[in-house]
S.K.: 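This is the structure I want to talk about, given as structure tokens.
In what follows, chains are A, B, ... by sequence order, proteins preceding strands, each numbered from 1.
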2 protein chains.
Amino acid sequence: MDARKRRILGTLIDDYIVSAEPVGSRTLAKKYGLGISSATIRNEMADLEELGFLEQPHTSAGRIPSDRGYRYYVDELMQRPQVGSDTVNRVRMAFAAPVREIAWFIHQTAQMVSDMTAYPSVVVAPPVNDARLGDIRVMQLNAGTLLLVVATDSGMVENRAVPLPEDMNFEQVAWLATEFAREFRGMPIKELKDRILDPLASDEERYHGLWESLLAWMSDWRTNDDRVTLAGSLNILRYPEFRDVGKVERVLGFLEREQAVEQLLQGTSPLSEQVHVIIGQESPFDAIWDCSVVTATYQLRGHIVGQVSVIGPKRMQYAHVVTTLEIVSEELSRALKWA
Amino acid sequence: MDARKRRILGTLIDDYIVSAEPVGSRTLAKKYGLGISSATIRNEMADLEELGFLEQPHTSAGRIPSDRGYRYYVDELMQRPQVGSDTVNRVRMAFAAPVREIAWFIHQTAQMVSDMTAYPSVVVAPPVNDARLGDIRVMQLNAGTLLLVVATDSGMVENRAVPLPEDMNFEQVAWLATEFAREFRGMPIKELKDRILDPLASDEERYHGLWESLLAWMSDWRTNDDRVTLAGSLNILRYPEFRDVGKVERVLGFLEREQAVEQLLQGTSPLSEQVHVIIGQESPFDAIWDCSVVTATYQLRGHIVGQVSVIGPKRMQYAHVVTTLEIVSEELSRALKWA
DNA sequence: GTTAGCACTCTAGCCACAGGAGTGCTAATG
DNA sequence: CATTAGCACTCCTGTGGCTAGAGTGCTAAC
């Protein structure tokens, strides 16, 4: 893999990324001043194909990159763009709004990333399980209905309307919630479900039931709920590889299966690098075998808690996307420090 | 418009709805036992075309319904299916879950309707403006951040994280929120923004600022926020009229423009009928001119507050959709009574 | 009024064909 | 010996002509 091969491969992929058409030796020699003739390029391209970096759709077409070619491009060849300070500022401004709830940040991020990249974006929210119980409040929605509001110490909030037990009144429930919060504040949510203790030792039977209900509600909080936010999914229709409705259906259908998306994104090795790229068949899910996914992690209080990612055709603007995600994930982590 | 013409028109539309192919006289005579020959049908079809109920894609194709044809079909011809009690039960079960927050019902409804009809579904939530202030709670998310939880008397809930003013502590804000709730409970949300009064007459300057902030937060609550929930948008890809990616983009793009959708659905005359159908160019929005929309209203405390609707190709299963929406909207209204 | 028959029209699909793009190979070149 | 010009070859793509088929409208007979 000498310098010239690298040069050719890089240039070819750059061209294919914008043109979406197989690239021939002639185009390469003419359009980009490589200083060598098309015949030489042909020889090199034949080698690159043998090495598995390029493919030929058919005999008399140009070459397109293989998955391996893209991988090499991403790892070694692509030219990272200069980061304009206006870009960073834009991201910071977006996060600087006075609203500071985590769910809001997640939506904001997904929206912004899909806007900035023109690809669909997926953001995974922090798992509730790892957080600790912060506080609980109860309010009365109407005669028969209560609203429980539960917060974690990391700032996630969930509310849940529940019927008021017939043999209790509002004050009793509110008092119980206060007791509950006092008892369990600071405990990891995932440990709550194992606690079937009743420190009230109350003689009132009805308290026991409600206490256990509270425990149950806490413990299944968001474990089944949606951690995955999808934005800009229509962007996928811009790209010619998705002219075919069947392909669109496969990919968007996959993105709506939250568990799968979560699994895919968490399967990235989070420690080795800040941004991870999954190209085509590197993914375990065949529904997105003609897509690439770029994922970055973000942190909350120094711990990686979620992912921001972008999905698009394999012919993706990797350099731009990687850089964008680096900025966004960094700024998101910074914003989540409640600076 | 004699009985035979009606019969032919109805049968033709029935066939076209499932086949998506222009229907010829031969098909009509053979497949459905109409008791008349294809020649007669041809004559009638020529008349129906002249009357504006049918169209011919080209000379030697069969006929397809015009917008006017669909309109006549919906108003006069379509056979309403028997409502199976299992269907009603399914809807009731879905609404019978112990979670009773309005936002939850909205999502549940959109999801269920798109499942039951195999078309995309759109649900408009009740406007916050018309509701009255119920209660306010404050909780502390962390050192510098508060969470305001606001409920209306009709059971809508919104929470909003805000920074804790530097010169105040949590107890002071909590006290102020309580005062605020006491002062304004029962007042329509939309009137809140006109109230710049400060009944505290407190000498503490900082209280004034927070009081006004509270007012500001209340008054812009959800007016800009998302009232429209979209579910099952991928269903649109099932139908051959949306093979073309450009069409998909137009329609789904429209559905993501919430104000437009809101405007479209609220433009239906809510009082004259329970279910309203918009066919093709009857819509003011050209993005959905080759779609039909079926809309039903639902009630909260006896007032119409929102819409449940379905969008699909003009060749839509009107009878099934209308019936489904009737059931769902009725059951939703019933469920929202907090029965 | 209804229907059989028939000529007519238009489309979709198929085939053959030419043009073009791109390759691989060979031989010449510095 | 690497590079390159030249050329034959391959394969796709687009075009035009053609046919089969579906469906119509009209006329004449019932």
S.K.: B:Ser66 side chain to B:Phe53 main-chain N or O, any donor-acceptor pair under 3.5 Å?
M.R.: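 Yes: the side chain of B:Ser66 pairs with the backbone of B:Phe53.
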
S.K.: Rounded to whole Å, please give me the gap between CG in A:Leu48 and C1' in C:dG22.
M.R.: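 Taking CG of A:Leu48 and C1' of C:dG22, I get 16 Å after rounding.
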
S.K.: For DNA chain C, what residues of residues 19-45 of chain B have any heavy atom nearer than 4.0 Å?
M.R.: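 Per residue number, the list reads B:Ile36, B:Ser37, B:Ala39, B:Thr40, B:Arg42, B:Asn43.
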
S.K.: Going by atom types only, do B:Thr27 and B:Tyr32 share a side-chain donor-acceptor pair under 3.5 Å?
M.R.: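 There is no such pair between these side chains.
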
S.K.: Any ion pair linking B:Glu241 and B:Arg315 (charged N to carboxylate O, less than 4.0 Å)?
M.R.: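 Looking at B:Arg315 and B:Glu241, the cut-off is met.
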
S.K.: Check for me whether the distance between the ring centres of A:Tyr239 and A:Tyr119 falls short of 6.0 Å.
M.R.: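 Centroid distance A:Tyr239-A:Tyr119: below 6.0 Å, so yes.
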
S.K.: Using the salt bridge (charged side-chain N to carboxylate O under 4.0 Å, His left out) rule, take B:Glu55 and B:Arg63 through it: C-alpha gap first, then chi angles, then the decisive distance, then the call.
M.R.: CA-CA 5 Å; B:Glu55 288 170 358; B:Arg63 301 305 209 289; over 6 Å; no

S.K.: Within the distance-only criterion (no hydrogens, no angle test), does the side chain of A:Ser114 pair as donor or acceptor with the backbone N or O of A:Gln111 below 3.5 angstrom?
M.R.: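 Flag set: sc A:Ser114 to bb A:Gln111 pair under 3.5 Å.
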
S.K.: Provide the start and end nucleotides, 5' to 3', of the part of DNA chain D that has atoms under 4.0 Å from heavy atoms of chain B.
M.R.: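 The protein-touched segment is D:dA22 to D:dG25.
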
S.K.: Between B:Glu44 and B:Arg4, does a salt bridge (charged side-chain N to carboxylate O under 4.0 Å, His left out) hold up when you go through it step by step?
M.R.: CA-CA 8 Å; B:Glu44 295 287 39; B:Arg4 195 171 66 182; 2.7 Å; yes

S.K.: Does any donor atom in the side chain of A:Asp14 or A:Tyr73 lie under 3.5 Å from an acceptor atom in the other side chain?
M.R.: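 Yes, a side-chain donor-acceptor pair sits under 3.5 Å.
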
S.K.: Of all of residues 49-68 of chain B, which get a heavy atom below 4.0 angstrom from DNA chain C, listed by number?
M.R.: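 Listed by number, they are B:His58, B:Thr59, B:Ser60.
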
S.K.: Would a distance-only check, ignoring hydrogens and angles, find a side-chain to backbone donor-acceptor pair under 3.5 Å from A:Thr323 to A:Ala319?
M.R.: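 Judged by distance alone, yes, a pair lies under 3.5 Å.
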
S.K.: Quick one: does B:Ile36's side chain get under 4.5 Å of B:Ile41's, heavy atoms only?
M.R.: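 Yes; the side chains approach each other to less than 4.5 Å.
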
